[in-house]
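Let me begin by presenting the structure, written as structure tokens, before commenting on it.
Below, each value reflects all heavy atoms present in this structure, side chains not excepted, and no hydrogens, waters or symmetry copies. In this chain, residues are counted from 1 in sequence order.
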Amino acid sequence: MKKFSIVVAGGGSTFTPGIVLMLLANQHRLPLRAIKFYDNDGARQETIAEACKILLQEQAPEIEFSYTTQPQVAFSDVDFVMAHIRVGKYPMREQDEKIPLRHGVVGQETCGPGGIAYGMRSIGGVLELVDYMTKYSPNAWMLNYSNPAAIVAEATRRLRPQAKILNICDMPIGIEGRMAQIAGLKDRKEMRTRYYGLNHFGWWTAIEDLAGNDLMPKIREHVAKFGYVPPSDKQATEASWNDTFAKAKDVWALDPDTLPNTYLKYYLFPDYVVQHANPQHTRANEVMEHREKHVFGSCNAIIQAGKSSAGELEIDEHASYIVDLAAAIAFNTQERMLLIVQNNGAIHNFDPEAMVEIPCLVGKSGPEPLVVGNIPQFQKGLMSQQVAVEKLVVDAWEQRSYQKLWQAITLSKTVPSASVAKAILDDLIVANKDYWPELR
């Protein structure tokens, strides 16, 4: 089997060690000759990389490993770019969450004004990665799971239309794992699903087991009572996530024929979300206090001891979708996956230019979207509003336009009025002065 070279863009991410362990566990499906890390924060990356170097020496010494802050070194001679960057890191996520909350509006990483702010920071960073890849490894594919995926996907569609980039999200995969538990299956791969929507904004319309038996009635019955909290929830789920999975029962009630993506709670129940938020202590604080400390603590312990058993780095099991995607391209497997792609008529009665999240068959030339057909008025109305927000954000970034960004925030379903939108925007501009283009 051919062996592949990968660069992980965002090498300093706390998710990187879990992805490396996942890649090592899947060598039979995607054999690797080289793994490189790239990050523009060299000090942060060094800690993660030195720990991963020890992991690789122990488990797969034949894989060449390196890390760098130099684009040419990172992006030369690679087959895949796995991109998970966070421009501004967690301190800026904290601003994304807390600034809207100060104005009584949902403060969330990818939804509402916080997601728009994050999008304005991410567009330039992702385009830069695309350009490096195109310049130094023009035959490579970028597998992008940097957030906010919807805005990033719209930006790459419009501003880098020829780029070999696939935008994918792990949230539907996480929810499908819970659905499999609810249905009494071992694994989400024992299900075949139909889904449509936008990123963090969609609905399952059909779920079957591999024999073709309809699982929707059983899952719906459970979701109506418990949301996506499985019967025996053995996963150590943080309180904020547990609330999100439980709240799915109220989101589901709006259209009981389908099953919703959990993120719809931010758009359909923003008052509930704000009431249950702590404006002084948000999800970003939870991550900085727990995940960041745990991963960096483990990496430092591994480096000090010179062996991986000194730290607790866990395999990111559900990130195996990244291997599914890379293997589908590498070996033309025609794997069926949910990707964020241009609609182009797949949803008949929806904007053909919109970047939608739908099932695709993936092979060596990329994704082949499956036809969805017509969608109901309720979903079409919600999606049309949200697509308009995403397009206006990219307009704002491209044109450096204050007006367009004000319109985008005003149009978000999470924001009650144009005056509140303006107040939030003015605060976000101050907070993002080192990251956003200057608006006029």
For this session: Go through the steps for Phe65 and Phe37 under the test ring pair (Phe, Tyr, Trp, His ring centres under 6.0 Å), then give the verdict.
Result: CA-CA 8 Å; Phe65 176 70; Phe37 290 178; 4.9 Å; yes

Problem set entry | ring pair (Phe, Tyr, Trp, His ring centres under 6.0 Å) assessment of Tyr435 paired with Tyr118 | CA-CA 10 Å; Tyr435 301 99; Tyr118 187 12; over 10 Å; no

For this session: Please report the C-alpha distance between Tyr263 and Phe201 in whole Å, then the side-chain angles of each, then the deciding distance to 0.1 Å, and finally whether the ring pair (Phe, Tyr, Trp, His ring centres under 6.0 Å) criterion is met.
Result: CA-CA 6 Å; Tyr263 276 87; Phe201 205 99; over 10 Å; no

Problem set entry | Chi angles and distances behind the side-chain contact (heavy atoms from CB on, under 4.5 Å) call for Leu259, Met216 | CA-CA 8 Å; Leu259 289 164; Met216 287 287 275; 3.6 Å; yes

Exercise. Checking side-chain contact (heavy atoms from CB on, under 4.5 Å) for the pair Val152/Asn147: CA distance, chi angles, key distance, verdict?
Worked result: CA-CA 7 Å; Val152 166; Asn147 271 323; over 6 Å; no

Problem set entry | Residues Thr69, Gln45; criterion side-chain hydrogen bond (donor to acceptor under 3.5 Å, both in side chains); working and verdict | CA-CA 9 Å; Thr69 56; Gln45 175 172 259; over 6 Å; no

Problem set entry | Derivation and outcome, side-chain contact (heavy atoms from CB on, under 4.5 Å), residues Val274 and Val105 | CA-CA 6 Å; Val274 172; Val105 168; 5.5 Å; no

Problem set entry | Worked verdict on Asp434 versus Asn432 for side-chain contact (heavy atoms from CB on, under 4.5 Å) | CA-CA 5 Å; Asp434 294 336; Asn432 284 277; over 6 Å; no

Problem set entry | side-chain hydrogen bond (donor to acceptor under 3.5 Å, both in side chains) evaluation trace for Arg194 with Thr205 | CA-CA 6 Å; Arg194 298 287 298 187; Thr205 55; 5.3 Å; no

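Residues Pro113 and Leu428 share a closest heavy-atom pair of O-CD1, 3.9 Å. Closest heavy-atom contact between Ala328 and Thr333: CA-OG1, 3.1 Å. When all heavy atoms of Lys2 and Pro31 are compared, the pair lying nearest together is O-CG, 3.6 Å. Nearest heavy atoms, Asp77 versus Ser137: N-OG, 3.1 Å. Nearest heavy-atom pair across Gly125 and Ile85 is C-CD1, 3.7 Å. Taking both residues in full, the closest heavy atoms of Trp252 and Thr258 are given as CD1-O, 3.0 Å, listed atom of the first, atom of the second, then distance.
At least one side-chain heavy atom of Leu143 sits less than 4.5 Å from a side-chain heavy atom of Ile329. A heavy-atom distance below 4.5 Å is found between the side chains of Lys265 and Val273. In this structure, Tyr90 and Asn285 have side chains that are not in contact, with every pair of non-hydrogen atoms separated by 4.5 Å or more. Considering only heavy atoms from C-beta on, Phe269 comes within 4.5 Å of Val251 through its side chain. Contact of the Ile6 side chain with the Lys36 side chain is not registered, since no non-hydrogen atoms from C-beta on lie closer than 4.5 Å. The closest side-chain heavy-atom distance from Leu159 to Trp397 is below 4.5 Å. Side-chain contact between Tyr228 and Pro260 is present, with at least one heavy-atom pair separated by less than 4.5 Å. Taking the side chain as every heavy atom from C-beta outward, Asp395 and Ser401 never approach each other to under 4.5 Å.
Screening Val8, Leu129, Val73 for a side-chain contact (heavy atoms from CB on, under 4.5 Å) involving Tyr38 leaves a single residue, Leu129. Each of Asp209, Ile207, Leu215, Leu210 was compared with Arg192 under the side-chain contact (heavy atoms from CB on, under 4.5 Å) criterion, and only Leu210 meets it.
Here Lys413 pairs with nothing under the side chain to side chain donor-acceptor pair (under 3.5 Å) rule; sequence neighbours left out.
Between the side chains of Asp243 and Tyr272, a donor-acceptor pair is found at a separation under 3.5 Å. Looking at Thr110 and His200, their side chains do bring a donor and an acceptor atom within 3.5 Å of each other.
Under 4.0 Å is where a charged nitrogen must lie from a carboxylate oxygen, and between Lys422 and Asp427 no such pair does. Classification of Glu286 and Arg283 as a salt-bridged pair holds, one side-chain N sitting under 4.0 Å from a carboxylate O. A salt bridge does not link Glu292 to Lys89: none of the charged side-chain nitrogens sits closer than 4.0 Å to a carboxylate oxygen. Salt bridge annotation for Arg220-Asp257: absent, with no cationic side-chain nitrogen under 4.0 angstrom from a carboxylate oxygen. A salt bridge links Glu109 with Arg93: the closest approach of a Lys/Arg side-chain nitrogen to an acidic carboxylate oxygen falls below 4.0 angstrom. Taking 4.0 Å as the cut-off between side-chain N and carboxylate O, Arg158 and Glu398 count as a salt-bridged pair.
For the atom pair CG (Leu198) and CE (Met383), the distance works out to 4.5 Å, reported to the nearest 0.5 Å. Here the CG atom belonging to Leu439 is positioned 14.0 Å from the NZ atom belonging to Lys433, to the nearest 0.5 angstrom. Here the OG atom belonging to Ser412 is positioned 11.5 Å from the CG atom belonging to Leu392, to the nearest 0.5 angstrom. Distance check: Gln70 CD to Ser76 OG gives 10.5 Å after rounding to the nearest 0.5 Å. Going from atom CD1 of Ile48 over to atom OH of Tyr67 covers 11.5 Å, rounded to the nearest 0.5 Å. For the atom pair Ser13 OG and Ile19 CD1, the distance stands at 6.5 Å (nearest 0.5 Å).
Close placement of the Tyr195 and Trp204 rings is indicated, their centers lying within 6.0 Å of each other.
Within the cation-pi definition used here (under 6.0 Å to the ring centroid, within 45° of the axis), Arg440 does not qualify as a partner of Tyr402. Both the sub-6.0 Å distance and the 45° axial angle are not jointly satisfied by Lys249 relative to the ring of Phe226.
Environment of CD in Gln399: crowded, with over 12 heavy atoms of neighbouring residues, nucleotides or ligands closer than 6.0 Å. The neighbour count for Lys3 NZ, taken as heavy atoms of other residues, nucleotides or ligands under 6.0 Å away, does not exceed 12. No more than 12 heavy atoms of other residues, nucleotides or ligands lie within 6.0 Å of CD in Glu314, so this atom counts as exposed by the packing criterion.
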Mind listing the side-chain donor-acceptor pairs of residues 353-382 below 3.5 Å, one per line with the distance, residues two or more places apart or on another chain?
residue: Gln379; atom: NE2; partner: Asp255; partner atom: OD2; Å: 2.7

Please tabulate, for side-chain N and O atoms in residues 20-30, each donor-acceptor pair with protein atoms closer than 3.5 Å (sequence neighbours left out).
residue: Asn26; atom: OD1; partner: Arg29; partner atom: NE; Å: 3.1
residue: Asn26; atom: OD1; partner: Arg29; partner atom: NH2; Å: 3.2
residue: Asn26; atom: ND2; partner: Met22; partner atom: O; Å: 2.8
residue: Gln27; atom: OE1; partner: Leu32; partner atom: N; Å: 3.2
residue: Gln27; atom: NE2; partner: Leu23; partner atom: O; Å: 3.3
residue: Gln27; atom: NE2; partner: Leu30; partner atom: O; Å: 3.4
residue: Arg29; atom: NH1; partner: Asp324; partner atom: OD1; Å: 2.6
residue: Arg29; atom: NH2; partner: Asp324; partner atom: OD1; Å: 3.0

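In this structure, Asp170 contributes its side chain and Ile173 its backbone to no donor-acceptor pair below 3.5 Å.
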